[in-house]
Amino acid sequence: MKVTNPKFQITPNFIIELIMIALGSAIYGLSINMISIPNQLTDGGLSGISLLLFHWWKVNLGFSTLILNIPLILIGFRFLGKKLMIETLWGTICLSFFLNFWRLIPIINQLNLEHDLLLAAISAGLLSGLGLGIVFRYNGTTGGSDIIARILQQEKDIKSGKTFFVIDVIVLVLSLSYIDIRHIMYTLIASYIATTLIDIVQQGGNKAKAVFIISDKYEEIAKMIDLELDRGYSFLNGEGGYDRSQKHIIYCIVANYEIQAVKAIVLREDPKAFMTIFDANEALGEGMSYNRKKRNFFIRR
C-alpha cells in the first residue's frame with residue numbers, strides 16, 4: 001500500500017531540521033569512531049552490521065553504512081512519505097560522511113578505555129543517545145532498522161519495539177564472532193543509557209505527571225491546587241459504575257516534584273478521594289500545558 005502525502009515543500013523549518021539532523025549524525029558518528037571502535041563495543045541495527053563488516057573485512061564504515069541503506073531507502077520511498085525519506089536519506093549521508101570524517105581527526109585515537117569498560121560504555125551511551133536524540137527530535141532517522149520498523153508497523157501492524165529488539169539480538173549474536181560476552185554486556189549498558197537519553201532529548205526532558213482525582217469535594221481540592229501549586233486544572237464529567245451517580249473528575253498536569261504536594265492536598269481535603277497518577281510525556285494546548293498559568297499580579301485572586 002502506498003501512502004498518499006500532501007505536496008512536499010521546502011520551508012525554513014525543514015532547513016532547520018536538516019541542520020539539526022546533520023548535527024545529531026555528527027555526534028553519533030563521533031561516538032562510534034571515538035569510543036565504540038577503540039573499546040570493541042558494538043551496536044545494534046545497521047550500525048552494528050557496519051561494525052561487523054569493519055572488524056571482519058576492514059570495510060570502510062561510512063561506505064558500508066551508505067551502501068546498506070540504499071535498498072532500504074528505495075523501499076521506504078514506496079511505503080513511507082517523501083519528506084520522511086528525504087530526511088532519512090539526508091541523515092544516512094551525514095552519518096556516512098561523519099563516520100569517515102572523524103577518522104581523520106587525531107582525537108579519536110585518544111579514548112581507548114579498555115582498562116575501564118564501564119566508563120567507555122557510559123561515554124558511548126551518552127554520546128550516542130545525545131546524537132540520535134537530536135536526530136529523532138527533528139523528525140529524522142539515520143536509516144537502517146528505523147525504515148524496516150516503520151514499514152512493518154504500517155503494513156503488518158508489528159510494533160517498532162519488537163522489530164528493533166529482533167534486529168538488535170541478531171546483530172549482537174553475530175558480534176560474538178569478534179568480541180567476547182564481556183564486551184557484549186557492556187554494549188547492552190551503553191544501549192540502555194543511549195535509549196534513556198534519546199527519550200529525554202526527543203521529549204525535551206520536561207516529563208510531568210497527569211493526575212485524575214475523583215472526589216465529592218472536587219471544588220475544594222481544585223481551589224487548593226490552584227492556590228498552593230499555581231497549576232491549572234479541568235473538570236471532567238463521569239458516572240459511577242456501581243450506583244450510576246454523577247461524578248466530577250479533576251484533571252491536572254504537575255511537575256514530578258509536586259506530586260507529594262498534590263497527595264497532601266487531596267488527603268487533607270478528602271481522605272476518601274480516589275486519585276490516579278501517570279506519566280505525561282507531552283501536554284499541549286491552552287490551559288493544559290506543562291507551564292504554569294500566567295497571572296496578572298495586580299488582580300487579587
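Below, each value reflects all heavy atoms present in this structure, side chains not excepted, and no hydrogens, waters or symmetry copies.
Here Ile67 contributes atom CD1 and Ser96 contributes atom OG; the two are 8.5 Å apart, rounded to the nearest 0.5 Å. Here Asp270 contributes atom CG and Met275 contributes atom CE; the two are 11.0 Å apart, rounded to the nearest 0.5 Å. Residue Thr276 holds its OG1 atom at 6.5 Å from CD1 of Ile214, rounded to the nearest 0.5 Å. With rounding to the nearest 0.5 Å, the separation of CG in Leu119 from OH in Tyr186 is 11.0 Å. In this structure, CD1 in Ile21 is found 7.5 Å from OG1 in Thr88, a value given to the nearest 0.5 Å. Taken from CD in Glu228 to CG in Asp230, the straight-line distance is 11.5 Å, to the nearest 0.5 Å.
Side chain of Arg137 to main chain of Val201: a donor-acceptor pair is present (N/O by atom type, distance under 3.5 Å, no hydrogens or angles).
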Discussion item. The test is side chain to side chain contact (heavy atoms under 4.5 Å, CB included); show your working for Asp43 and Ser36 and say whether it passes.
Written reply: CA-CA 8 Å; Asp43 202 349; Ser36 296; 6.0 Å; no
Practice prompt. Could you walk me through whether Ile277 and Lys263 pass the side chain to side chain contact (heavy atoms under 4.5 Å, CB included) test, one step at a time?
Written response: CA-CA 10 Å; Ile277 303 169; Lys263 290 180 179 179; 3.7 Å; yes
Fill in: Pair Asn100-Leu61, side chain to side chain contact (heavy atoms under 4.5 Å, CB included): steps then yes or no
CA-CA 7 Å; Asn100 285 324; Leu61 280 172; 5.6 Å; no
Discussion item. If you apply the rule side chain to side chain contact (heavy atoms under 4.5 Å, CB included), what do you find for Met34 with Trp102, and how did you get there?
Written reply: CA-CA 8 Å; Met34 188 169 66; Trp102 292 125; over 6 Å; no
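Contact check for Leu197 versus Thr195: no side-chain heavy atoms found under the 4.5 Å cut-off. With a 4.5 Å cut-off on side-chain heavy atoms, Ile253 and Val211 do not count as touching. Residues Ile250 and Ser215 fail the side-chain proximity criterion, which asks for heavy atoms closer than 4.5 Å. By the 4.5 Å heavy-atom criterion applied to side chains, Met185 and Ile189 are not counted as neighbours. Contact check for Phe212 versus Phe274: no side-chain heavy atoms found under the 4.5 Å cut-off. Contact of the Val135 side chain with the Ser25 side chain is registered, since non-hydrogen atoms from C-beta on lie closer than 4.5 Å. In this structure the side chain of Ile213 reaches within 4.5 angstrom of the side chain of Val262, judged on heavy atoms. Between Leu46 and Ile49 the shortest side-chain heavy-atom distance falls below 4.5 Å.
In this structure, Lys247 does not pair ionically with Glu239, as no charged nitrogen and carboxylate oxygen lie closer than 4.0 Å. Under the 4.0 Å criterion applied to side-chain N and carboxylate O atoms, Arg268 and Glu220 are not assigned as salt-bridge partners. Under 4.0 Å is where a charged nitrogen must lie from a carboxylate oxygen, and between Lys209 and Asp279 at least one such pair does.
His183 and Asn39 make their closest contact through CD2-O, 3.3 Å (heavy atoms, listed as atom of the first residue, atom of the second, distance). Residues Ser175 and Ile184 approach most closely at CB-CD1, 4.0 Å, considering heavy atoms. Leu99 and Asn33 get closest at one heavy-atom pair: O-ND2, 2.7 Å. The two atoms that bring Asn69 and Gly144 nearest to each other are OD1-N, 2.6 Å, heavy atoms only. The two atoms that bring Cys252 and Tyr233 nearest to each other are CB-CB, 4.0 Å, heavy atoms only. Closest heavy-atom contact between Ile147 and Met85: CD1-CE, 4.0 Å.
For the residue pair Thr11/Asn13, the side-chain donor-acceptor check at 3.5 Å is not satisfied. In this structure, a donor-acceptor pair under 3.5 Å is absent between the side chains of Thr42 and Thr187.
Taking the side-chain contact (heavy atoms from CB on, under 4.5 Å) definition, one finds that Glu17 meets it with Phe14, Lys83, Glu87, Tyr138, Asn139, sequence neighbours left out. Looking at residues two or more places apart in sequence or on another chain, you find a side chain to side chain donor-acceptor pair (under 3.5 Å) between Ser31 and Ser128.
Annotation: ring-ring contact (aromatic ring centres under 6.0 Å, His included) contacts involving residues 28-61, sequence neighbours excluded, comprise His55-Tyr178.
The only option from Leu51, Thr65, Leu127 that meets the side-chain contact (heavy atoms from CB on, under 4.5 Å) definition with Ile32 turns out to be Leu51.
In this structure, His248 and Tyr218 have parallel ring planes: the angle between them is below the 30° cut-off, well short of the 60° mark. Classified by interplanar angle (parallel below 30°, tilted 30° to 60°, perpendicular above 60°), the ring pair Phe101/Phe98 is perpendicular.
At most 12 non-hydrogen atoms from other residues, nucleotides or ligands lie less than 6.0 angstrom from CZ of Phe63. Heavy atoms of other residues, nucleotides or ligands lying less than 6.0 angstrom from NZ of Lys156 number 12 at most.
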